[in-house]
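Here the structure is laid out as structure tokens; the discussion comes afterwards.
Just so it is clear, the values below take in all heavy atoms, side chains as well, and ignore hydrogens, waters and symmetry mates. Chain naming here is simple, since letters A, B, ... match the order of the sequence lines and numbering starts at 1 in each. These figures come from a predicted structure and were not determined experimentally.
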Number of protein chains: 2
Amino acid sequence: MSSRKTATIRDVAEAAGVSIATVSKFINRQQSFSASVEEKLRSAIAELGYSQNPAARSMVTGKTTAIGLAVMDIANPHYANVMKGANRVALANDYNLLVVDLEEKGTGVREMLEPLALRTDGLIVSSRIPADVVDWLAGLNKPVVFLGQPERQGVVCVGMDSVEVASLLAGYLVQQGFTRIGYVGYGRAAWNAERLRGLHDVLDAAGVELMEFDAEAPTSEAGEQVAARVLLRPDRPQAVIGCNDLVAIGFMTEARSLGFKIPQDVAVAGIDNIPTSRYVSPSLTTVDVFSEATGETVMTRIISMIGDEASRKLSPPPSLKPLLVVRESAKRQDRIAATEV
Amino acid sequence: MSSRKTATIRDVAEAAGVSIATVSKFINRQQSFSASVEEKLRSAIAELGYSQNPAARSMVTGKTTAIGLAVMDIANPHYANVMKGANRVALANDYNLLVVDLEEKGTGVREMLEPLALRTDGLIVSSRIPADVVDWLAGLNKPVVFLGQPERQGVVCVGMDSVEVASLLAGYLVQQGFTRIGYVGYGRAAWNAERLRGLHDVLDAAGVELMEFDAEAPTSEAGEQVAARVLLRPDRPQAVIGCNDLVAIGFMTEARSLGFKIPQDVAVAGIDNIPTSRYVSPSLTTVDVFSEATGETVMTRIISMIGDEASRKLSPPPSLKPLLVVRESAKRQDRIAATEV
DNA sequence: ATGAAAGCGCTAACAC
DNA sequence: GTGTTAGCGCTTTCAT
């Protein structure tokens, strides 16, 4: 069953008494065969445990049947879930997934992406990528889809509209009656400016003050670190929005150990709706960006772009809509009721 | 800069006025060259934007410089962190990472692994894999390392000793003075039996009762679901161990909405030390299994196995030791003090 | 329906 | 130090 060397198409051809061309056509189901040949082929393949060498195949076809996925931080549940969705549709379409975790690095990104580009038929990359790398990707002559908002014209993109995401949250907070709101952003992120715009759109119109802060990183640790700076000042915000759930959760934890009650003393909200946000106390109000569905969508999209030159420039399919998830962490003090999600 | 077709080694040879063999040797830095040739090569490569075709290379070398990683559930932070560590050392060694999320499936696993096996020089697979698939992997003539405990002899394995992990936690709970302890396991997992053994080792010796429960899945949702069954009975355990932090966190949340105070009414502990465990309330007592270091270790190990036939059967390096992380969720009622981590 | 032959881009002997 | 050449395993015309 398992010989020393792996069987090649030639071994199969010999065992079945046909030519290698016939074997090739058979395994690629490119035509029909006489019953006798078909049977001999089938058993020869089983006997030898033959399977196609993808490298050899890809040499002649020029296709790799693999897709690259580059994420900023695989430990962020948002990205892990994007990957889950992407993995699912890749597998269903007989594609393999090559992944690289950029680990939030802003430098050496192209070097990390280059091998991916060489080994795949298309790339899915997080949008927080240096401009020169985006240029390089664009000239790659290979489908590339960005995750999140586009910073540039002419690039294909899948993800929520950051302006809309932020507006949604701002709208809720205004409706709750808060009049001074803090936003803990992450300046290096591509979406940060859009988030701010979405926030201002709503808050300015409502006459609500917006205080801007910046986290060191889009992580819980950074959320913890920023909390004192935000809260230990006379004009502290009544409600604080974290640029993602991780930041919000870190912020909440540190706020509590600083002696603040949430949401009574300070309301907190996040963005993403990572699974954890349901399990912290109080449960975190957030905006669902449908990470897993995003992964499925982006993978579906890139697969359709491969081999379908026409769809490469088309605008994305009806894009995903963010959904406000109201939980306990951002209810106005005087309105708190016993409604737990 | 970006011509229609990508440049080949032949284009470079022509542009530099040398043979393709010279180009090949140059890009693989296999020897030194005359200054003039070196310079011409360098500029020709830059000019044409040439890069090696990995498929062509791998056809002749038989190597892919890629490693496959198969995890049970990439949305489980434990696995995401294993992947983070694995990614890091893969990149540092010029390997690419091919990932497949098995999504906790028990069937069709081989079909998901087959393409990975064909495209990589080695495989890292979660150990909760059907026996026949393990057999197949073993006959693959390719380095395979399992994550977690081995169920079989002769397979290379990286991960914590499950018996030890469980004993550690049991020891702490005994020391806290609990006399009736529940364990919410996951029967389908390879490590479950070992965990149980580790628990019994310690608890039996201490005369502490162990109540066994099973979760539907190793997830927070399953942890929630099982809570009522465990807690709404006259002989409910004083402390409950979740088979991982996800289960423990789900359990805690549901326990609280059932009206139990933690740890006063019921103590809870988990296993893994996922990042979230610090941020739930109360903070979760758990055992750190060093997920990220595990990922680094396993990747280091498999890279050394490739091309080093000798090390393929060696026993693993000094294995990782689990570490008890004491937080608030499992302190005995009468001993609770103000020590927060 | 089946086969012969020409490569895909590259590395590795082996010559020079 | 540099070039020639023979494949690696496969798909794909083009014959038959």
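Contacts between chain B and DNA chain C, taken as any atom within less than 4.0 angstrom of a protein heavy atom, begin and end at dG9(C) to dA13(C).
Computed from C1' positions of five pairs at each end, the angle between the two local axes of the helix from dA1(C)-dT16(D) to dC16(C)-dG1(D) equals 30°, rounded to 10 degrees.
The side chain to side chain contact (heavy atoms under 4.5 Å, CB included) test applied to Ala293(A) returns Phe290(A), Leu320(A), not counting sequence neighbours. In this view, Asp73(B) and Lys84(A) satisfy the salt bridge (charged side-chain N to carboxylate O under 4.0 Å, His left out) rule, not counting sequence neighbours. Applying the salt bridge (charged side-chain N to carboxylate O under 4.0 Å, His left out) test to Arg110(B) and every residue at least two apart in sequence or in another chain returns Glu114(B). Residues forming a salt bridge (charged side-chain N to carboxylate O under 4.0 Å, His left out) with Glu38(B) (at least two apart in sequence, or on another chain): Arg42(B). Under the salt bridge (charged side-chain N to carboxylate O under 4.0 Å, His left out) criterion, Arg88(A) pairs with Glu292(A), Glu296(A), Glu103(B), sequence neighbours left out. Evaluation of the side-chain hydrogen bond (donor to acceptor under 3.5 Å, both in side chains) rule for Ser126(A) yields Tyr79(A) as partners, not counting sequence neighbours. Remark: Leu123(B) engages Leu116(B), Ala117(B), Thr120(B), Val125(B), Leu137(B), Leu140(B), Val144(B) in a side chain to side chain contact (heavy atoms under 4.5 Å, CB included) (not counting sequence neighbours).
Residues from residues 113-122 of chain B with heavy atoms under 4.0 angstrom of DNA chain D: there are none.
Each ring-ring contact (aromatic ring centres under 6.0 Å, His included) pair with one or both residues in residues 22-48 of chain A, not counting sequence neighbours, appears once here: Phe26(A)-Phe33(A).
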Might you list the N or O atoms of the protein lying below 3.5 Å from N or O atoms in nucleotides 2-5 of chain D, with each pair's distance?
from   : atom 1 : to       : atom 2 : distance (Å)
dT2(D) : OP1    : Ser34(B) : OG     : 2.5
dT2(D) : OP2    : Ser34(B) : N      : 3.2
dG3(D) : OP2    : Ser19(B) : N      : 2.8
dG3(D) : OP2    : Ser19(B) : OG     : 3.2
dG3(D) : OP2    : Thr22(B) : OG1    : 2.6
dG3(D) : O6     : Lys25(B) : NZ     : 2.5

